[in-house]
Number of protein chains: 2
Amino acid sequence: MTKTADQRRGEERILYDAFMAACPTRQVFATIGDKWAGLVVNALADGPRRHGELRTRIAGASQKMLTQTLRTLERDGLVTRTVTPSVPVRVDYELTPLGHTLVPILAALKGWAESNIGDILQSREDYDAKVVAA
Amino acid sequence: MTKTADQRRGEERILYDAFMAACPTRQVFATIGDKWAGLVVNALADGPRRHGELRTRIAGASQKMLTQTLRTLERDGLVTRTVTPSVPVRVDYELTPLGHTLVPILAALKGWAESNIGDILQSREDYDAKVVAA
DNA sequence: CAGGATCCCATTCGATACTG
DNA sequence: CAGTATCGAATGGGATCCTG
């Protein structure tokens with residue numbers, strides 16, 4: 001009976017896993033909270049884009065990450081992928097209706113971020129200054 | 001002149017770094033898009049909590065991650081950390097006014113997730129079925 | 001009770017090279 | 001042009017032990 005605490009942790013962890021598996025928010029967060037997904041959705045917000053266009057618009061994303069992100073979004077039904085089998089293949093990505101409903105949410109988040117980034121940066125400076133002093 | 005493409009990538013990367021450094025949304029996302037930060041903010045939405053309470057409410061977060069997340073949120077000025085030097089130390093965490101303004105945004109995201117999780121899960125099933133078939 | 005310090009495994013992501 | 005495959009570095013995150 002000495003490991004009661006540890007055992008409890010283990011049980012909590014199992015409960016947590018079950019809870020998480022059923023938690024919609026986290027599952028969704030796993031996709032759209034992704035490093036690139038938000039940028040991609042924004043880049044697609046005002047119309048379809050070709051793969052190459054996205055690479056340009058989201059300069060900095062490696063081709064690997066871009067493809068990977070697009071696959072995830074496609075899997076979740078947020079974007080469609082349309083292949084036109086011409087001579088150099090052409091692939092277009094476009095937001096689905098569901099994907100479009102996400103845009104305002106992201107916009108709200110973006111708005112909040114832009115409104116409060118000043119305070120946050122200031123807070124970080126203060127905090128870091130205090131830590132150095134301590 | 002043969003490595004033009006590579007060089008362009010490198011230049012894009014530098015521009016990207018500069019852009020990212022100045023992009024408020026991404027900086028904020030780095031904090032609140034974190035695996036645990038959202039849960040913590042939610043757990044604090046309706047009042048201050050002690051460290052131990054948070055551990056219980058967010059069962060599954062290791063103590064390390066909880067502390068780390070709280071530190072980040074504190075640094076960003078979203079929560080306050082109050083130490084009461086009693087015999088067993090007591091530490092309370094509470095959302096700042098700024099932190100509270102984030103709650104509705106998170107709630108919107110949560111609402112969207114809960115509304116659309118069904119479609120998303122269905123889409124994943126369909127997608128996976130197609131992949132297996134291919 | 002709160003949380004710092006370590007160890008260590010799993011995943012992420014970028015760079016590079018290759019295919020249709 | 002779009003995408004896949006592989007490798008290696010970096011990071012995230014959990015388990016454990018220790019302090020005030």
Side-chain angles (χ1 to χ4, degrees), chain A residues 2-14 16-17 20 26 29-31 33-37 39-40 48-56 58-74 79-93 131 134, chain B residues 2-3 5-14 16-17 20 26 30-31 33-37 39-40 48-75 79-93 131 134:
Chain A
T2 54
K3 298 188 59 180
T4 309
D6 287 358
Q7 289 174 346
R8 274 203 37 197
R9 287 291 166 214
E11 288 164 13
E12 282 177 3
R13 170 135 266 283
I14 292 171
Y16 158 76
D17 286 340
M20 288 306 246
R26 294 219 66 73
F29 235 71
T31 297
D34 177 79
K35 189 175 178 185
W36 303 108
L39 290 182
V40 171
R49 300 282 169 195
R50 298 188 51 179
H51 182 101
E53 290 181 291
L54 289 175
R55 288 211 57 172
T56 304
I58 315 181
S62 67
Q63 162 271 353
K64 176 185 172 180
M65 281 304 99
L66 182 56
T67 299
Q68 185 174 300
T69 301
L70 286 166
R71 284 290 181 286
T72 304
L73 292 174
E74 187 194 359
V79 310
T80 55
R81 177 169 175 272
T82 309
V83 181
T84 308
S86 46
V87 174
V89 190
R90 176 196 174 99
V91 181
D92 289 272
Y93 293 93
V131 171
Chain B
T2 56
K3 298 189 57 180
D6 287 358
Q7 289 175 347
R8 272 203 37 196
R9 287 291 166 216
E11 287 165 13
E12 281 177 3
R13 171 134 265 283
I14 292 169
Y16 157 77
D17 287 341
M20 288 304 250
R26 296 220 63 76
T31 297
D34 178 78
K35 187 175 178 184
W36 303 107
L39 290 183
V40 171
R49 300 282 170 195
R50 300 188 52 178
H51 183 100
E53 290 182 290
L54 290 174
R55 289 211 56 173
T56 303
R57 277 179 78 113
I58 317 183
S62 67
Q63 164 270 349
K64 175 185 172 181
M65 282 303 101
L66 183 56
T67 299
Q68 185 174 299
T69 302
L70 286 165
R71 284 292 179 286
T72 305
L73 292 173
E74 188 193 358
R75 190 171 101 102
V79 310
T80 55
R81 177 169 175 273
T82 312
V83 181
T84 309
S86 45
V87 174
V89 189
R90 175 196 174 101
V91 182
D92 289 271
Y93 292 94
V131 172

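Just so we're on the same page: letters track the sequence lines, and every chain starts at 1.
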- Task: First locate atom CG of B:L66, then atom CZ of B:R57, and finally report the distance between them rounded to the nearest 0.5 Å.
- Result: 12.5 Å
- When rounded to the nearest 0.5 Å, the distance separating CZ of B:R49 from CG of B:L70 is 13.0 Å
Whole-Å distance separating the [atom1] atom of [X] from the [atom2] atom of [N]:
X     : N      : atom1 : atom2 : value
B:L66 : D:dG13 : CG    : C1'   : 13 Å
B:Q68 : C:dG4  : CD    : C1'   : 12 Å
B:M65 : C:dG4  : CE    : C1'   : 13 Å

Just by distance, do the side chain of [X] and the backbone of [Y] share a donor-acceptor pair under 3.5 Å?
X     : Y     : value
A:R90 : A:T82 : no
B:S86 : B:V89 : no
A:E53 : A:R50 : yes

- What heavy-atom pair brings B:R26 and A:W36 nearest, and what distance separates the two atoms?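 In this case the closest contact between B:R26 and A:W36 is NH2-N, 4.4 Å.
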Strictly under 3.5 Å: I want the nitrogen or oxygen pairs between protein and nucleotides 1-5 of chain D, one per line.
residue, atom, partner, partner atom, Å
D:dC1, O3', A:R50, NH2, 3.3
D:dA2, OP1, A:R50, NE, 3.3
D:dA2, OP1, A:R50, NH2, 3.2
D:dA2, OP2, A:G52, N, 2.8
D:dG3, OP1, A:R81, NE, 2.6
D:dG3, OP1, A:R81, NH2, 2.7
D:dG3, OP1, A:Y93, OH, 2.8
D:dG3, OP2, A:H51, ND1, 2.4
D:dG3, OP2, A:Y93, OH, 3.1
D:dG3, N7, A:Q63, NE2, 3.2
D:dT4, O4, A:Q63, OE1, 3.3
D:dT4, O4, A:Q63, NE2, 3.1

- Query: Has B:K35 got a side-chain N or O lying under 4.0 Å from the OP1 or OP2 atom of C:dT11?
  - Reply: no
